Structures are given as structure tokens and as C-alpha cells.
**Student:** 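Okay, handing you the structure first.
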Amino acid sequence: MEHWLEAMPQAAAMLCYKDSNLSLVAVNQPFYKTFLAAFDPEDEPPYYDDWRKRIIDMALSGNNSSLFELRRDGPLGPEYFCCTAGLLPSMDDGANLILFTALDRTSDRVTEKNLRRELLSDGLTALPNRTGFGEEIDDRLQNAPWPENAQFGIIAIDLSRFSRVNESLGPLAGDELLITVAKRLKSNLRQGDVLARIGGNDFAIFARLNNGLSDCLHIVQRVRDSLSSPIRLSDLQIRVDCAVGCALSTSLGDDPDDVVRKAQAAVKIAKRSGKVEIYRNGVLKEAQRRFSIESRLRTALSQGELTLAYQPLIHLQTGEITGFEALARWNDPDLGHVSPVEFIAVAEESGLITPLGRWAAYEAAQALSRWDGKFAQPVPVGVNVNLSPIQMARDDVASMFEEALRYSGISGNRLTAELTESAIIVDPDKARKLLVALKDLQMPIAMDDFGTGYSNLASLHSLPIDILKIDRSFVSGMLEDKDKQAIVRTILSLADSLNLHVTAEGVETQELAHALQSMGCGNGQGFYFARPMPENDAFDYWRARWNFETV
């Protein structure tokens, strides 16, 4: 028996089980050196009870074999062995012989542990990553002592303007900034709290809250205090601002991933508000809807599922149609009708505003071309196309309009670019260059929502703007509000002195139309005249009024 045991490369032993007793019969050299050499022959190794229990359980269960892992504390740390026990044919006296083998898997387990550590941690800051954060939370919830009625909170932290550091100083400086921020945040943690880096410039803290929101806000203050002093990068001192969003569990049974998502939804609001935001019921649903809209909008743009509706611009003195404003409309098979206010905001946030804006410009120009084909000559109207500030900042808008005009074969004076005051304020020099380029294409320029932004007389005088559109908030309640009437009169007077045309938005009643007409306003736009309509209906609407006017 000893001969074939010695022939086995791994540690192996023969055991005998009889009358509820388990004893060693023979072992090979690898087994002796690995498990028995360090002990007195009369003593049992401290882990012998583990063998005994597992092998006896196998013998009593009637199974012929068993596979299990044995862990023991070695001189260099934990050691792991993959063990097998198999029954041999019974002896005449009723004893059971069992072959026991143990294969050293310590190096494999160490490798697995290291790989797992890499998978669960952020290589730059050595903090848990998003996956590791979830496991750390689960471990705290299951194993740490929690007082009665305790709850936990997630505090999400987004470093503001981090991309500017990368762009200005390079990625190494950005990495140094993240490492410093991680050290500062970690130094202010309470015992039991967990800090993780869950995104590029996003951190999160898991915190036990014995006093609910009060504890959470105290931690937020510690976070802000830790980042209040500037961080030195190279020869520069950089102040780190952050947006903070918090979400509190209702009980320890809440899904941690769900609470993390709520905190991230809150931090998105905090980035816009500039204040610490606490998650409110419904915010996550709003975020999930925005995600659904973004996903479906991407598909809709690629498959041509959006349409343009056209709302007429009416000359208030003559009733003539001077043009149309092109407005994007979307009726999704899954989401139903999606408001432009909703999907345009999502498009701006996700970057889809660039393809959306390009599609609208090309489609509006093509619509004019199709109308010309129906009329057998150029239709004496133009179309206004809205420009988003985000698109102006990211896209080559002048090139886009040049292509739209060239592909459709229409002249530039029939396509008007509408932009808001905020688009000019963000980068005045870039806006001026763009407007000059559009004027080179002979395109009229309209300033939309005038009166709600920050434009001044100097910008109006220096920029090549042709049309002011009075915001509907001043027009709709003008008859009942003398202050609004005064604002409208001031805008009309300003436009007249600067030789600008004016369009009043939100004209919804005949009384409003007559009042604006008497004030000398040039054009009106609103439901009183017509709602936005599909392309063919818009052409028929113009054709009917044109026939009436020319009779």
C-alpha cells in the first residue's frame, strides 16, 4: 500500500473508519512533510477535527467520495488545500478504508485574492470602486452591529470643473488632484464609514446614521471642510468645488444599489442648483425617464422618427404669413408623445442636441425646397430654426447651415437662425464670429425669448441681429398687467431705434393681436393664428391665405 501512496505526487493518506473511529493507516512523504512533520506523533494536528468531521459525514451519508477545501494558518499566512476523500472496498472486518488526498492551492487562492482586489478597487486612489463599494456596504449591513431604528445614507460627491484641470494641466495633474481629494475625504471619515470612487470624478460615502438627516448633514459639512483649503498642483493652487447629493434609507432592508442611484440622482440636481440636495421621492423616476428618453431619442434620430411642425408668423398689419418657425415633435411608439421641453433638455444634457439640431436645420431647408417644388417657384416665406447654446458651443454651426442651404438649393435669406440671449452670454466672442459667418450666408438672425436673459444695449448694437422675439411671458398677460405693457412698449421702442424687426410670441387672443398691432409690433406668433402643424398642412395653410390675399 505504501508503494502506490508514495507514487502519488500530491499529499496522500490512507485512513480507516470503523466503529465511529477514524485513524491514519499510512501516509506518503508529501503528506507527512506538509501535515505531520511539525507535530509530535502522539499529538493530532489542530485541523484534524476538520478532516474527521467531513470524512465521517461522507461515510455516514453513503456517498462514495467528497470534495472540500481545507484552510490552515501557515508560517507565511493562510494556506489552502483542495481535498478529496474516497471510499475503497470494505474489509472483511467491516472497516472502511478511505483514500485522502490534498492538493496545495495556496498560490491559486492568493492570485484569485489579488485579482479580486484589483476588480473591486480603484487603481489610482486604492479606494473601492463601484462594485467594491457595493460589497463593502453589504458586509457592513450584514456583519456590523446596528442599533435599533438605525438607518444608512449615501453621500454622492461630484468634483466640479475637474475636466478643466485635465484640459489645462494634463491628465497627470488630474490624477494628482483625485489622489489628494481621496486622502482628504478619507481622513475625515468616521469609523465604519466607507469611501469609494465610483466614477471618473465621482466619490461616494456610505455612512451609518443614528440620527437620520442630522448625521448626514454633519458628514456633508465635514466633506466641505476637508476640501475648503486649496490644493497645490505644480506651481498652482486650485480650489476644489463639489456638488453633493444625499439619499437616506428608510430601513436597513433597503437595497443599497437603489439608495446609491438615488444619491446620484440628487447630485445631478445639486450640480444645477449649487446647493446640497437630499433625494426626494420621484426624483429617481424622473432620472429613469430621462434615461429612457435619451435611449429612445438616440434610436429615433437614427431611424428618422422625429418630425418638424411649423407655426406661422403673421404680419399684424396685413395678416400676411411672413414665415414659419420649425419646431421638433416626437411621438415615440413606447413613450407616446414626448414634450419638446422634456426631450430637448435631455438632448442638451446627453450631447444629442448636435445631431438633433443638424437634423432640424437640414429638414427645414428641405421642406422649403419641397414647397418650392409644389408651387413651381420659390415660395415667398422663410423658416426659422432654433439653435441651442450647447450646439453652438460644440458644433460647426456655420458649416451645418451652409450644407443645409447647398443640399436644398434655397437661398440663405429664407432660413432664419433663432438663438437665445444666454447663447451669446456664454462666449460672446465665439457667438459674434458665428453670427458674422451666418450673415455671410445671407441668413437673418433672430434673438429668441428677448427680455428674459442678460443682453444689453451694447451687445444688441454690436451683434448682427435682425429680429427680436418678445418672450411669451410678457405678451400673454400684457392686457391685465401694466408693467408688462410697459416692457413690451420699451422693447418695441428699442427695436425701432436700432432698426430691428419684432415678433411677439404667445399671441392667443384677438384682443392681444389688436393691442400689439396698435403698439406698432410687426409680427405675431401664437395659437390665435394657428398651432404648429405638419409640413403639408403648413403649405396648404399658406397657400389658402396667399390665394385669399391675391384675389
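This is a predicted model, so every value here is computed, not measured.
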**Student:** How close do Val383 and Ala326 get, counting heavy atoms only, and between which atoms?
**Tutor:** CG1-CB, 3.7 Å
**Student:** Cut-off 3.5 Å, side chains only: do Arg184 and Ser229 have a donor facing an acceptor?
**Tutor:** yes
**Student:** Under 4.0 Å between a side-chain nitrogen and a carboxylate oxygen: does that hold for Asp158 and Lys268?
**Tutor:** no
**Student:** Using only heavy-atom distances, determine whether the side chains of Asn384 and Glu418 contain a donor-acceptor pair under 3.5 Å.
**Tutor:** yes
**Student:** Does Ile321 reach the side chain of Ile314, with side-chain heavy atoms less than 4.5 Å apart?
**Tutor:** yes
**Student:** List the residues meeting side chain to side chain contact (heavy atoms under 4.5 Å, CB included) with Arg222, not counting sequence neighbours, and say none if there are none.
**Tutor:** Asn188, His218
**Student:** I'd like a table of donor-acceptor pairs (distance under 3.5 Å, sequence neighbours excluded) in which one partner is a side-chain atom from residues 491-508, with atom names and distances.
**Tutor:**
from, atom 1, to, atom 2, distance (Å)
Ser497, OG, Ser493, O, 3.4
Ser497, OG, Leu494, O, 2.7

**Student:** Set out, in order, the CA-CA distance, both residues' side-chain angles and the distance that settles side-chain contact (heavy atoms from CB on, under 4.5 Å) for Ile157 and Asp202, then state yes or no.
**Tutor:** CA-CA 6 Å; Ile157 305 161; Asp202 297 324; over 6 Å; no
**Student:** What donor-acceptor contacts under 3.5 angstrom involve side-chain atoms of residues 526-534, with partners at least two apart or in another chain?
**Tutor:**
none

**Student:** I'd like to know whether Asp241 forms a salt bridge (charged side-chain N to carboxylate O under 4.0 Å, His left out) with Arg239, so could you lay out the CA-CA distance, the side-chain angles of the two residues, the decisive distance to 0.1 Å, and finally the verdict.
**Tutor:** CA-CA 6 Å; Asp241 295 323; Arg239 179 180 176 84; 3.6 Å; yes
**Student:** Just checking, any donor-acceptor pair under 3.5 angstrom between side chains of Asp225 and Gln221?
**Tutor:** yes
**Student:** Kindly give the heavy-atom pair with the smallest separation between Gly212 and Gln151, and that separation in Å.
**Tutor:** CA-OE1, 3.4 Å
**Student:** Roughly how far, to the nearest 0.5 Å, is the CG atom of Leu335 from the OG atom of Ser292?
**Tutor:** 6.5 Å
**Student:** Can you spot which of Leu308, Asn386, Thr307, Val385 makes a side-chain contact (heavy atoms from CB on, under 4.5 Å) with Leu327?
**Tutor:** Asn386
**Student:** Less than 3.5 Å apart, any donor N or O on the side chain of Thr125 or Asp122 sitting next to an acceptor on the other?
**Tutor:** yes
**Student:** Are the charged groups of Asp334 and Arg296 less than 4.0 angstrom apart, N to O?
**Tutor:** yes
**Student:** Applying ring pair (Phe, Tyr, Trp, His ring centres under 6.0 Å), can you list everything that pairs with Phe203, at least two apart in sequence or on another chain?
**Tutor:** none
**Student:** Excluding sequence neighbours, so at least two apart, what forms salt bridge (charged side-chain N to carboxylate O under 4.0 Å, His left out) with Asp483?
**Tutor:** none
**Student:** Rounded to the nearest 0.5 Å, how far does CD1 of Ile155 lie from CG of Leu209?
**Tutor:** 7.0 Å
**Student:** Residues two or more places apart in sequence or in another chain: which of them pass salt bridge (charged side-chain N to carboxylate O under 4.0 Å, His left out) with Arg130?
**Tutor:** none
**Student:** Which atom names give the shortest non-hydrogen contact between Arg545 and Gly319, and what distance separates them?
**Tutor:** NH2-O, 2.7 Å
**Student:** Inspect the surroundings of CZ in Arg406 and state if more than 12 heavy atoms from other residues, nucleotides or ligands are less than 6.0 Å away.
**Tutor:** yes
**Student:** Looking at Glu305 and Pro333, what are the two nearest heavy atoms and their distance?
**Tutor:** OE1-CD, 4.1 Å
**Student:** Could you work out, with salt bridge (charged side-chain N to carboxylate O under 4.0 Å, His left out) as the rule, every residue matching Glu511, not counting sequence neighbours?
**Tutor:** none
**Student:** Can you tell which of Thr416, Leu419, Leu434 makes a side-chain contact (heavy atoms from CB on, under 4.5 Å) with Ile445?
**Tutor:** Leu419
**Student:** Hey, are Arg289 and Glu342 close enough for a salt bridge, meaning a charged N less than 4.0 Å from a carboxylate O?
**Tutor:** yes
**Student:** Do the side chains of Asp257 and Arg261 get close enough for a salt bridge, i.e. N-O under 4.0 angstrom?
**Tutor:** no
**Student:** For Phe343, give me all partners under ring pair (Phe, Tyr, Trp, His ring centres under 6.0 Å), at least two apart in sequence or on another chain.
**Tutor:** Trp330
**Student:** For His514, enumerate each residue passing the side-chain hydrogen bond (donor to acceptor under 3.5 Å, both in side chains) test, keeping only those at least two apart in sequence or located in another chain.
**Tutor:** none
**Student:** For residues 358-378, please give each side-chain donor-acceptor pair under 3.5 Å, one per line with the distance, not counting sequence neighbours.
**Tutor:**
from, atom 1, to, atom 2, distance (Å)
Arg358, NE, Asp395, OD1, 3.4
Arg358, NE, Asp395, OD2, 2.9
Arg358, NH1, Tyr362, OH, 2.8
Arg358, NH2, Asp395, OD1, 3.2
Tyr362, OH, Glu403, OE1, 2.7
Glu363, OE2, Arg370, NH2, 2.8
Ser369, OG, Ser408, O, 3.2
Arg370, NE, Glu535, OE2, 2.8
Arg370, NH2, Glu535, OE1, 2.9
Trp371, NE1, Glu535, O, 3.4
Asp372, OD1, Val379, N, 2.8
Asp372, OD1, Arg414, NH1, 3.4
Asp372, OD1, Arg414, NH2, 2.9
Asp372, OD2, Arg414, NH1, 2.6
Lys374, NZ, Asn536, OD1, 2.8

**Student:** For Phe206 together with Phe152, are the ring centres under 6.0 Å from each other?
**Tutor:** yes
**Student:** Please list, one pair per line, the donor and acceptor atoms closer than 3.5 Å that link side chains of residues 344-357 to other protein atoms, with sequence neighbours excluded.
**Tutor:**
from, atom 1, to, atom 2, distance (Å)
Glu348, OE2, Ser388, OG, 2.6
Ser350, OG, Val346, O, 2.9
Ser350, OG, Ala347, O, 3.4
Ser350, OG, Leu352, N, 3.4

**Student:** Minimum heavy-atom separation for Ala417 and Leu387, please, with both atom names.
**Tutor:** CB-CD1, 4.2 Å
**Student:** How would you list, by chain and number, every residue that makes a salt bridge (charged side-chain N to carboxylate O under 4.0 Å, His left out) with Glu277, sequence neighbours excluded?
**Tutor:** none
**Student:** So which atom in Ala156 and which in Val267 form the shortest heavy-atom distance, rounded to 0.1 Å?
**Tutor:** O-CG2, 3.7 Å
